[in-house]
Protein chains: 2
Amino acid sequence: MAAKPYHHGDLERALLDAAIDVVRSDGIAALSLRDLTKAVGVTPSAAYRHFPSRDHVIAAVAMLSREDLARHMLAARDAVPARGSAQRRSVARFEAIGHAYVEFAVAHPTVFEAAFTACPVQLERTEDPRAWEVLTAAIDEMTLAGAIPAARRQDAPIIAWAGVHGLANILTGAAVPPGIDVDGQIAAVVKGIYRSIS
Amino acid sequence: MAAKPYHHGDLERALLDAAIDVVRSDGIAALSLRDLTKAVGVTPSAAYRHFPSRDHVIAAVAMLSREDLARHMLAARDAVPARGSAQRRSVARFEAIGHAYVEFAVAHPTVFEAAFTACPVQLERTEDPRAWEVLTAAIDEMTLAGAIPAARRQDAPIIAWAGVHGLANILTGAAVPPGIDVDGQIAAVVKGIYRSIS
DNA sequence: GGATAATGTGAACACCGTACACATGCGCGG
DNA sequence: CCGCGCATGTGTACGGTGTTCACATTATCC
């Protein structure tokens, strides 16, 4: 069993896994370096061999969360059946992405919060999927398929991004309006987005 | 000068003022009870005579920040000139509200963040203006003036709210897309919102 | 195999939120 | 006018936090 080797093997990965668990169950605010290192079975100071500060591990789990969200969007997009005209299909794929974005936030509010937490530390970007690019790609697809006029193409990304991001924040936040029907709101906003860019 | 009276007079108000200053300059995360009480010239424990916990202070400044935002929206709405048809005027007032929402967030990002911070403590609502109601009132105004069809009235609030709230979050957050022209983005989103509900 | 870099330990510091017993002074009933 | 009660502020303490630094241990490479 090797009992307890002095060196952990892959402490960085283990700390990030533990951090993701904490975020999933208790939110990003509950993330404590001492808890993380204790969960992994290591001394608090050991974390500093892999992360310069707590903010850096927060930034790391934020990036992982964003990638998680982007993967959900891609999966939803690729799950729409390849039926109908290219135009209708491009719209269906776009709307699937929008639904996935908000549904991910509703299903995993703490992860979504962590994904867009404002952290003082900035990490260099990775090669992994990013929500923004998934969205713009879907809009390009619609433009090519003739589902939206070329004149709207420029403003479409920010309009779509703002709509789904705003709804996600509203539905996961404390300032949720008196409306209750979550799925209805999502459908209304996604439809509204398409109407405003088409 | 009365030197230092044992009793402060209005500690609660003084603490909240100090808290708002901290939020304005360093964000809600930097808010510390010890700093607040030190700034006011009082012992840390004194704060607990007025707030059950730090979270309650945060909830209070969050509410104040939301009221601040709502006041900006009202001011912008009431500043639009009373010219043109009632229909055009209702649209102008609506768009002014949208612009004010996002511009407030861009101008005071830390206050905006504080306004919608997810805090575990919930405060009972006050009589003060709330952004949601300002927005729905503007939409009702447009409906009555015939600026938007009655069929769209039901979904209009969530669509508008999601759009401006999302854009505000995007422009103030770390995950800002490569686009730079802030005013252009605001105009595009506000116009897009009106297009999608009209 | 021995130097050297990488990694984990232990103790310490400063700070934080919070609790509790105590000091102080305002305001109201006599 | 007095004095008592209650609201308010003080002092001290506890447990928890991020972070640092000297030191111990192990992996790696010449």
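Chain identifiers are assigned alphabetically (A, B, ...) following the order of the sequence lines, protein sequences preceding nucleic acid strands; residue numbering begins at 1 within each chain.
The side chain of B:Thr43 has D:dT10 as its nearest neighbour among D:dT20, C:dG17, D:dT10.
A donor-acceptor pair is defined here as one N or O able to donate and one able to accept, closer than 3.5 Å; no such pair exists between the side chain of B:Arg24 and the backbone of B:His108. B:Arg89 places no side-chain N or O within 3.5 Å of a backbone atom of B:Gly84 that could act as its donor or acceptor partner. Formation of a donor-acceptor pair under 3.5 Å by the B:Thr110 side chain with backbone atoms of B:Val23 is found in this model. Within the 3.5 Å criterion, the main-chain N or O of B:Glu113 finds no donor-acceptor partner in the side chain of B:Thr117.
Separating the CG atom of A:Asp26 from the P atom of D:dT17 is a distance of 13 Å, rounded to the nearest angstrom. One atom, CG of B:Asp10, and another, C1' of C:dC26, lie 15 Å apart when rounded to the nearest Å. Taking atom CG of residue A:Leu11 and atom P of nucleotide C:dT7, one finds them 10 Å apart after rounding to whole Å. A straight line from CD1 of A:Ile58 to P of D:dT17 spans 14 Å, rounded to a whole angstrom. Here C:dC15 presents its P atom at 19 Å from CG of A:Leu33, a figure rounded to the nearest Å. Taking atom CG on A:Leu36 and atom C1' on D:dT17, their separation rounds to 13 Å, with Å as the unit.
Here the closest non-hydrogen pair linking A:Leu135 and A:Pro157 is CD2-O, 4.0 Å. Between A:Val22 and A:Ala30 the shortest heavy-atom distance is CG1-O, 3.8 Å.
Helix bend of the helix from C:dG1-D:dC30 to C:dG30-D:dC1: the angle between its two end axes, each built from five pairs, comes to 0° after rounding to 10°.
Between A:His165 and A:Phe116, the ring centre distance stays below 6.0 Å.
Salt bridge annotation for A:Lys191-A:Glu95: present, with a cationic side-chain nitrogen under 4.0 angstrom from a carboxylate oxygen.
Toward the 5′ end of DNA chain C lies the nearest nucleotide of A:Ser45, the other residue of the pair A:Ser45 and B:Lys38 mapping further downstream. For the pair B:Pro44 and A:Arg34, nearest-nucleotide mapping onto DNA chain C gives the more 5' position to A:Arg34.
Only A:Arg49, A:Ser53, A:Arg54, listed by number, bring a heavy atom of residues 49-57 of chain A to less than 4.0 angstrom from any atom of DNA chain D.
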